[in-house]
There are 2 protein chains.
Amino acid sequence: MQSKITKILKAIADPTRREIFHALVVAATAMPITQISGQFAISRQGITKHLKTLEDAGLIQIQTKGRERFCLADPLPLQEVNHWLKFYERFWDDTLQNLSSYLDNKA
Amino acid sequence: MQSKITKILKAIADPTRREIFHALVVAATAMPITQISGQFAISRQGITKHLKTLEDAGLIQIQTKGRERFCLADPLPLQEVNHWLKFYERFWDDTLQNLSSYLDNKA
DNA sequence: TATATTTGCAACCATATAGTTGCATATTAA
DNA sequence: TTAATATGCAACTATATGGTTGCAAATATA
């Protein structure tokens, strides 16, 4: 099984999925699948697959209501990516300690 | 062609590539391919492919010296991931404005 | 010079991924 | 009740991905 961080990174590595996710975030409300797929050129089933990947990564939540399935964005898991990045931040942020001082602290 | 951000995200979405990259970062020095591959269970050619992906994403630089090819980590492109994340940060950081205020500003 | 080391290239394999279409089913509306 | 809508499931396709092995070429060492 893939790790959580791997699932999240793979989910956002696809440009179409990033678009879907972003659309859901700015919509700021749950949207049924057909409505989402109406905004994209690919088929509904293609969208459904992407939604599944996003759901597995925890980036969206899906709730069934009647015949519809409402998708809601949940950006919280992106915190994990942010945390992963944190270590490397020192390399582009001059205000942070650089690598050599990290290595010094480790020794 | 894939966008820069897509290349970077795909590069770090693979756990083996994250490991290779991290090893090069903490090594803080250029390492020849054979030396890198010695630290992993997969074949040298497998490593070479991963290095190519990392190089295409700009996350490592490779320099030939004699028969050896020295790989050096370059975390700078991760800044792009950081920038992409920035927009969603408000959802996990309470000190930032929330989505509704973003939407208000947009209106 | 002969040998060992480092590497690239090419072919190959299995599986994952991104997409499609067709059809059945459940729910809602006329 | 009949028709329209929203969805899932399954099969299929093409290409990408992560890995392997064998071999040739370039460079360094004995």
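Residue numbers begin at 1 in each chain, while the letters A, B, ... track the order of the sequences.
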Has A:Thr48 got a side-chain atom pairing as donor or acceptor with A:Arg44's backbone, closer than 3.5 angstrom? yes

Could you give the CG-to-C1' distance, from A:Leu54 to C:dT17, as a whole number of Å? 14 Å

Return the value, rounded to whole Å, for the distance between atom CD of B:Gln63 and atom P of C:dT6. 18 Å

Angle between ring planes, B:Phe21 versus A:Trp84, binned at 30° and 60°: parallel, tilted or perpendicular? tilted

With the threshold set at 4.0 Å, does a side-chain nitrogen-carboxylate oxygen contact exist between A:Glu55 and A:Lys52? no

More 5' along DNA chain C: A:Gly66 or A:Thr16, using each one's nearest nucleotide? A:Thr16

Using a heavy-atom distance cut-off of less than 4.0 Å, which residues of residues 30-48 of chain A contact DNA chain D? A:Pro32, A:Ile33, A:Thr34, A:Arg44, A:Gln45, A:Thr48

Backbone N/O of B:Ile47 and side chain of B:Arg17: donor-acceptor pair under 3.5 Å: no

CZ of A:Arg67 versus C1' of C:dT27: gap in Å, rounded? 6 Å

Separation of B:Arg17 atom CZ from D:dG19 atom C1', in whole Å? 12 Å

Just N and O in the side chain of B:Arg69: are any of them under 4.0 Å from OP1 or OP2 of C:dG8? yes

Could you tell me how far apart A:His50 (NE2) and C:dA16 (P) are, to the nearest whole angstrom? 17 Å

Any donor-acceptor N/O pair, B:Arg18 side chain to B:Ile12 backbone, under 3.5 Å: yes

Whole angstrom value for the distance that separates P of C:dT7 from NZ of B:Lys49: 18 Å

Are side-chain N/O atoms of A:Ser3 and A:Thr6 paired as donor and acceptor at under 3.5 Å? yes

Nearest-nucleotide 5' precedence on DNA chain D, A:Lys10 against A:Glu68: A:Glu68

Between D:dA16 (P) and B:Lys52 (NZ): distance, integer Å: 14 Å

Please state how far atom CG in A:Leu51 lies from atom P in D:dA6, giving the value in whole angstrom units. 15 Å

State, with a plain yes or no, whether a side-chain heavy atom of B:Leu78 is found less than 4.5 Å away from one of A:Phe91. no

